[in-house]
Protein chains: 4
Amino acid sequence: MSEHRNGPVRSAAARDAILDATARLLAKQGYDNLTMEGIAKEAGVGKQTIYRWWPSRGALITDCMSEGRLMPIEIEIPDTGHLRADLNVWLESVIAVVSDPGGAALLRSLVAAAAEDGAVGDRLAEMLGMDQALSLRFASAVRMDQLSEDAPVDLLGLAIVGAIIVPVLARRPISPDELRRLLDHLVRPAG
Amino acid sequence: MSEHRNGPVRSAAARDAILDATARLLAKQGYDNLTMEGIAKEAGVGKQTIYRWWPSRGALITDCMSEGRLMPIEIEIPDTGHLRADLNVWLESVIAVVSDPGGAALLRSLVAAAAEDGAVGDRLAEMLGMDQALSLRFASAVRMDQLSEDAPVDLLGLAIVGAIIVPVLARRPISPDELRRLLDHLVRPAG
Amino acid sequence: MSEHRNGPVRSAAARDAILDATARLLAKQGYDNLTMEGIAKEAGVGKQTIYRWWPSRGALITDCMSEGRLMPIEIEIPDTGHLRADLNVWLESVIAVVSDPGGAALLRSLVAAAAEDGAVGDRLAEMLGMDQALSLRFASAVRMDQLSEDAPVDLLGLAIVGAIIVPVLARRPISPDELRRLLDHLVRPAG
Amino acid sequence: MSEHRNGPVRSAAARDAILDATARLLAKQGYDNLTMEGIAKEAGVGKQTIYRWWPSRGALITDCMSEGRLMPIEIEIPDTGHLRADLNVWLESVIAVVSDPGGAALLRSLVAAAAEDGAVGDRLAEMLGMDQALSLRFASAVRMDQLSEDAPVDLLGLAIVGAIIVPVLARRPISPDELRRLLDHLVRPAG
DNA sequence: CCATAACCGAGACGGTACGTCTTGTCTTGCC
DNA sequence: GGCAAGACAAGACGTACCGTCTCGGTTATGG
C-alpha cells in the first residue's frame with residue numbers, strides 16, 4: 001500500500017491493497033494457506049483494518065470475485081441467435097482458466113472456499129453462469145427452436161459446469177474436446 | 001479406544017479408533033474444524049500414533065471413505081438390462097445423502113478435502129461412480145440400444161455427479177425431481 | 001493474571017504473572033519439571049507471550065532472581081568495621097535458605113539451571129555475593145588489619161560459597177556450626 | 001554394540017555399550033540433551049534393556065563415574081609426608097579437567113545431574129575427594145604438624161572443591177594461579 | 001477553529017493447533 | 001529369560017494464526 005492516508009473515512013487505498021493481496025496470495029498459495037495475517041502483511045495494513053470491513057476470508061474472496069480480480073471468466077453470454085457459437089464465447093474463457101495449471105489450482109481454492117462459506121458458493125455459481133446466465137441463454141434457444149422444448153433449461157448449465165468443476169477437483173481437468181462432445185450431447189437441436 | 005495393546009506391530013484397535021473418530025468428527029464439525037489433536041483426543045490415542053501411519057487429514061479421510069465409514073452410497077451399479085431402473089438404485093442412495101442436511105454438509109466437507117488433497121478427490125470420484133461405474137453402465141446401455149450410440153458414455157456420469165455436487169456447494173441441493181428431469185434429458189433412448 | 005490489558009505495548013500484568021508463576025513452580029516442582037507450558041497455564045497467559053519476551057527457562061529464572069522473587073538472600077554486606085559481625089548478617093540469610101528443605105531444593109534447582117545456562121550462573125554468583133560483595137568486604141577488612149595482608153580477598157568468597165553450595169548438591173547441607181568453624185579458619189585476623 | 005548375544009543372563013556387551021554411549025553422549029551434548037532414546041540408538045540397544053537395569057539417567061551416570069568412564073581425576077591422594085606436594089598430584093588432574101573446555105562442560109553436566117539426582121551428587125563428591133580422601137590427607141597433615149591443630153580438616157576439602165566447581169558453573173573456571181593462592185591461604189602450616 | 005470521532009499501521013494479548021520429540025511401559029519374535 | 005525393535009498414551013517443545021484489543025497518530029467534519 002502506498003499513499004498512506006488516515007482519517008475518519010474509509011481508505012480506498014487500504015481496501016484496494018487488501019483485495020489485491022488476497023487475490024495474489026490465493027493464487028500463489030491456495031486457500032488453506034491463505035491467512036489473515038499474511039494478507040495484512042502483504043498489503044502493508046493492520047489486521048484490524050481487515051476485520052473492520054470483512055468478517056472472514058470468505059468475504060474477502062467474494063469481494064475479489066465480484067471485482068474480477070481472480071479469474072478472467074466471461075459472466076455475460078451473448079445472444080446472437082446461434083446457441084453453439086454463443087456458448088463457445090463463454091466456453092473459451094472457461095477453458096482458458098481450467099487448462100492453465102494455475103487457473104485450475106485457483107478454481108480448486110475457490111471450491112474449497114465455497115465448501116466452507118456459502119456466500120463464496122453463491123458468488124462462484126454466479127461467476128460460472130450457473131445462476132442465471134446459462135439458463136437464460138438456453139431458454140432463449142428453446143424459443144428459437146435451437147433446443148428441444150422439453151430440455152431442462154435450468155439444469156443444463158448445472159450439468160456443464162459440474163462436468164468442468166468436478167474433474168478439476170481430482171486434478172484431471174476435462175479437455176476441450178471432451179467438453180465439446182458433452183455439449184454435442186446435451187445441447188441437441190430440437191427434434 | 002479400549003484394550004490398550006502395545007507392541008512392535010500395528011495396533012488394530014488404535015487404527016479403528018482413529019478412523020472412527022475421524023468419521024465422527026468430520027460429520028459433526030466439518031472439514032476445517034477437523035483437527036489432528038481433536039481426533040487423537042476423541043480416539044483416546046497419542047498424536048504420534050496418528051502421524052506414524054497417516055501423513056495428513058486427507059489420508060485419514062481417504063481411508064475412511066475406502067472403508068465406507070462416511071457415507072452409505074452404493075458404489076456398484078446393477079445391470080439388469082433396464083438403464084433407468086438400475087440408475088435409480090444408485091440415485092436413491094445418492095439422493096438420500098444429499099437430501100439429509102447432515103449428509104449434504106458431509107459432502108461439502110469431502111469436497112473441501114478434495115480441493116486441497118488430490119487423493120481425496122480421486123477417492124471421492126470413485127465413490128460417486130465417476131471413475132468407472134457409471135461409464136461402464138452407460139456403455140452397456142449403448143450396446144443394448146437403450147442409449148444413443150454417439151452418447152459420450154465417459155462424460156455423462158461426470159455431468160450427473162457434477163449437477164449433484166455443485167448445488168450442494170451453494171447450500172441448495174438439487175431436488176430429486178430436478179434430478180429426474182435432468183436424467184430424462186441426458187439419458188435418452190437411442191433416437 | 002487479571003486486568004487483561006492488550007495493546008501494542010508490553011503488558012506489565014502479563015510480565016508479572018509470568019515471573020510469579022515461574023518462581024512458584026520452580027520452588028514447587030524443581031527445575032527439570034519446570035515447563036514453559038506449565039508456566040503459561042499457571043500464569044493464565046499464552047505461550048507466545050512468554051516466548052515473545054524470554055528466549056528460555058533460564059532467562060525467566062534470571063529475571064526472577066534479579067527481582068528477588070526467589071530467595072531472601074542479602075546481596076549487600078554491611079561494613080561496620082567488624083568483619084565477623086558483618087559476615088554474620090549475610091550468613092544468617094544464607095543459612096536460613098540452606099537450612100530450609102524447600103530453600104535447599106530451590107538452590108539445587110538454581111544450580112541445575114546455572115549448569116545449562118551461563119547467564120543463570122552469573123546471576124547466581126552475583127546473588128551469593130561471589131561477584132563483588134564478599135571480595136569488597138574482605139578487601140576493606142584487610143585495610144583495617146582484620147585480615148592478613150596476603151589473604152586472597154578475591155577468592156575467599158568463592159571458597160565460602162562453594163563450601164555452602166556443594167554439600168547442598170549432595171543433600172547434606174553444611175550446618176551453621178561447621179560453617180562457623182570454616183570461617184574461623186578462613187577469616188583469621190592478621191598476624 | 002556388536003556380537004549380539006542373547007540369552008537368560010545379563011549381556012556384558014550390552015552393559016558396556018550402554019555405559020559407553022552414555023559417557024560419549026554426555027560429553028558431546030551435555031546433560032539436558034542426553035536422552036534415553038539417544039543412548040539406546042547410540043548403543044544399538046533396545047530401550048527396555050536400559051530400563052531393565054537402570055532406573056534413570058542419573059543411575060547411568062553414576063555407573064559411568066564409578067568406572068572412570070568420564071573424567072581422569074585422581075581419587076586417591078598420596079601421602080608422602082609433604083602436604084603441598086601431595087595435594088599438587090591431585091590438583092593437577094583436577095586442573096587438567098577444568099582447564100579443558102570439554103572437561104569444564106562435562107563437569108557442568110555432572111553438576112546438573114547431581115542437582116536433580118542425589119546419588120550423582122554423592123558419587124561426584126566422592127570422585128572429587130570431598131567425601132574422604134581430602135579430609136584424611138589433611139588429618140594426616142595435622143598429625144605431622146604441617147597444618148594447624150585447629151584446622152577444620154573435614155571442611156577444607158569442601159572449600160577447595162567448592163572454589164573449583166562454582167566458577168565452572170558461571171563459565172569462568174578458576175585459574176591454576178588463583179587456585180594456588182587459595183591453597184596458600186587455606187593450607188597454612190601450623191602456626 | 002478546534003474538538004472529536006472514525007480511520008489507519010502496528011502489534012501485544014489469550015488461545016488453539018501444528019508436527020516433532022521424548023518418556024516409560026508393553027509386546028513380539030529371535031536366541 | 002535376556003535381547004533388539006519398536007508401537008503405544010502422554011505430553012512438552014517452539015511456531016504460526018486466530019480474532020480482540022490498545023496504542024499513537026492522522027484527518028475530515030460539525031458544534
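So you know, we letter chains A, B, ... as the sequences are listed, proteins then strands, and number each from 1.
Nearest nucleotide to the side chain of A/Met36, out of F/dA7, F/dC18, E/dC8: F/dC18. Each of F/dC18, E/dG19, F/dA9 was ranked by its minimum atom distance to the side chain of B/Glu37; first place goes to E/dG19. Side-chain proximity of C/Lys47 to the nucleotides E/dG24, F/dC13, E/dG11 is greatest for F/dC13. If you check E/dA6, E/dC8, F/dG2 against the side chain of D/Trp53, the one that comes closest is F/dG2. With distances taken from any side-chain atom of C/Ala14 to the nucleotides E/dG14, E/dC8, E/dA17, the minimum falls on E/dG14. Closest to the D/Val45 side chain, of the nucleotides F/dA4, E/dG24, F/dG19, is F/dA4.
Rounded to whole Å, atom P of E/dA17 lies 12 Å from atom CG of B/Asp32. One can place CG of C/Leu34 at 17 Å from P of F/dG11, the figure rounded to the nearest angstrom. At whole-Å resolution of the value, CZ in D/Arg52 and C1' in F/dG6 are 14 Å apart.
Panel note: side chain B/Arg108, backbone B/Val168; a donor-acceptor pair is recorded below 3.5 Å.
In terms of position along DNA chain F, the nucleotide closest to D/Gln48 lies nearer the 5' end than the nucleotide closest to the other residue of the pair C/Gln48 and D/Gln48. Nearest-nucleotide positions on DNA chain E place C/Ile18 closer to the 5' end than the other of D/Tyr51 and C/Ile18. A residue-by-residue look at B/Asn33 and A/Ala40 shows that A/Ala40 has its nearest nucleotide of DNA chain E further toward the 5' end.
Note on B/Ser11: every side-chain N or O is 4.0 Å or more away from OP1 and OP2 of F/dA7. Under 4.0 angstrom from either OP1 or OP2 of E/dA6 there lies no side-chain N or O belonging to A/Arg10. Within the 4.0 Å cut-off from OP1 or OP2 of F/dA4, at least one side-chain nitrogen or oxygen of D/Thr49 is found.
A cation-pi contact, defined as under 6.0 Å to the ring centre and within 45° of the axis, links D/Arg57 to D/Tyr31.
The only option from A/Leu107, A/Thr22, A/Leu110, A/Leu19 that meets the side chain to side chain contact (heavy atoms under 4.5 Å, CB included) definition with A/Leu70 turns out to be A/Leu110.
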